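Notes follow the structure.
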Amino acid sequence: MFDYKYTCLNPIAQVGLDHFSSNIEKTDSVEDADVILVRSAKMHEMQFSDKLVAVARAGAGVNNIPIDKLAEKGVVVFNTPGANANGVKELVICGLLLASRDIIGGVEWVKSELDNPEIDKLVEKQKKKYAGCEIYGKKLGVIGLGAIGQRVADAATALGMEVYGYDPYISIDAAWNLPRSVKHIKDVNDIYRECDYITIHVPALPSTTGMINEEAISLMKTNAVILNFARDILVDETALVKALKEGRIRKYVTDFANMTVADAPNVIITPHIGASTVEAEDNCAVMAVSELTDFLNNGNIKNSVNFPTVDLGECSTACRIAIIHKNVPSVISKFSTIVANENMNISNMTNKSRGDIAYTLIDVEAENSNPLIAKFEELDDVVRVRKVK
Ligand code: MLT
């Protein structure tokens, strides 16, 4: 007997799906699913059934998901911060090297001459065309020191780069994990002015969209290289292509192919493969499925992008009820009055809020929690009630 159903909008690693508990089965129907797993499918235009309680993104960015609309419907959205960070970091390091030496041009030339019996002689004449520079000793600006940015800063330091880090919202953990030599930059313009290489690792939000704009580009060194393995909308690519054409910027390395950059000079484009490693896909799938399983079976919320973090552990009493409600005064007292009026005892309870939304888990010793659920649902400020156990 299954209690819940999940569906996948993109292929999700089997090693992760194997982590669903035995009461959760797969369905191919989005309408029939209690929870959705997604990687890059665009969900903004989708209709959601009333059955849906959660969406988990196997990845960090959530700009393909309407998180505010889902919060209003009482649907929790999770992501998997850090799970693919090493994979992305490794591609950023690769991007630094590809931008510094014409490795791609050299490989292409060799391919074009493979039928030439003189190739071994030609090589020595040709190779000067593909000469470049080393990254050792160069200045790298890292904008955003979350799981990925922090790893990039660490690896670049180990490769002998002088790293400048900018992140006004850095977590204490991330700060502890940074090498001491990383220069703490308080004004992002100093990154633009000083650095030879600039890599962006911030989420795509209204406040970060287009942050690398004409003005930022105008501050950069003529030889600067910009790396973008976060999201294309962070860069005003029209302004950047203009700067590349005018030779004001040396190279743009981006993981996002689109028509604005497709034909531009000095652009290295990869097809959004930063997180496409076996390890990253497995890690993301395992983390996403663990989050969904804990939410379905215990009501706990970890790594949500639109709900507060809530952990009441496993439920050891007869019933647990999850209530999504507006973050307004006196709702909690209404819940406890309802429980008292039903002559029941609350054995455990937690309440957390995030912006306008709040989430309460209540454990009660009761044979039948249905009367309670019906009464909670009648309250004006309640968005959704779920019988967890
Ligand atoms: C991310 O946001 O972490 C990546 O876009 C993940 C992915 O490639 O699916």
Side-chain angles (χ1 to χ4, degrees), residues 6-17 19 35-44 46 54-68 70 76-95 142-153 155 167 169 171 173-174 199-209 211-212 226-235 237 252-258 261 268-292 302-306:
Y6 74 88
T7 199
C8 300
L9 300 186
N10 299 103
I12 301 292
Q14 188 58 44
V15 67
L17 301 179
H19 273 66
V35 296
I36 292 176
L37 278 154
V38 60
R39 188 166 171 190
S40 295
K42 294 191 171 33
M43 298 181 71
H44 284 276
M46 277 177 72
V55 172
R57 167 138 213 275
V62 286
N63 59 324
N64 55 326
I65 306 172
I67 57 172
D68 294 334
L70 287 169
V76 182
V77 180
F78 298 92
N79 71 345
T80 58
N84 57 26
N86 190 66
V88 181
K89 171 203 83 182
E90 290 187 6
L91 201 65
V92 174
I93 299 300
C94 173
V142 184
I143 301 176
L145 294 160
I148 298 169
Q150 168 218 308
R151 281 171 174 78
V152 169
D167 189 341
Y169 310 104
S171 72
D173 272 355
T199 184
I200 333 158
H201 300 286
V202 298
L205 303 170
S207 58
T208 56
T209 297
M211 64 179 282
I212 306 289
I226 302 171
L227 300 107
N228 183 0
F229 289 83
R231 287 294 181 267
D232 53 2
I233 57 170
L234 299 170
V235 176
E237 290 183 329
Y252 180 45
V253 187
T254 173
D255 202 17
F256 306 96
N258 62 50
V261 293
I268 297 171
I269 314 172
T270 45
H272 195 194
I273 51 172
S276 296
T277 65
V278 175
E279 296 83 352
E281 288 176 1
D282 286 358
N283 287 344
C284 286
V286 169
M287 194 187 276
V289 169
S290 306
E291 290 161 357
L292 289 176
K302 190 175 175 203
N303 293 331
S304 171
V305 290
N306 61 353

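Order of appearance sets the numbers: ligands from 1, and atoms from 1 within every ligand. Nothing here was measured: the structure is a model prediction, and the numbers come from that model. Each residue takes its place number in the sequence, starting with 1.
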Starting from [atom], which protein heavy atom do you reach first, and at what distance in Å?
atom: atom 5 (O) of ligand 1; answer: His272 NE2, 2.8 Å
atom: atom 7 (C) of ligand 1; answer: Arg39 NE, 3.3 Å
atom: atom 6 (C) of ligand 1; answer: Arg57 NH2, 3.5 Å

Determine the minimum heavy-atom distance between [X] and [Y], stating which atoms define it.
X: Ala58; Y: Thr80; answer: C-OG1, 3.7 Å
X: Val77; Y: Asn306; answer: N-OD1, 2.9 Å
X: Ala275; Y: Glu281; answer: O-CG, 3.8 Å
X: Asn10; Y: Ala41; answer: OD1-N, 3.1 Å

Is it the side chain, the backbone, both or neither of [X] that has a heavy atom closer than 4.0 Å to ligand 1?
X: Asn84; answer: side chain
X: Ser40; answer: side chain
X: Arg231; answer: side chain

_N or O contact, Gly61 vs ligand 1, cut-off under 3.5 Å_ = yes
_Is there a polar contact between ligand 1 and Gly59, counting only N or O atoms under 3.5 Å apart?_
no
*asked:* If we count only N and O atoms by modelled type, under 3.5 Å, do the side chains of Asn258 and Glu237 hold a donor and an acceptor together?
replied: yes
_The test is side-chain contact (heavy atoms from CB on, under 4.5 Å); show your working for Phe229 and Ile148 and say whether it passes._
CA-CA 10 Å; Phe229 289 83; Ile148 298 169; over 6 Å; no
_I need the atoms of ligand 1 closer than 4.0 Å to a non-hydrogen atom of Ala275, numbered in the order shown._
6 (C), 7 (C), 8 (O)
_Which of the ligand 1 atoms, numbered from 1, are nearer than 4.0 Å to a heavy atom of Ala60_ = 1 (C), 2 (O), 3 (O)
*Please examine the side chains of Tyr252 and Val261, heavy atoms only from C-beta on, and report whether any two atoms are closer than 4.5 Å.*
yes
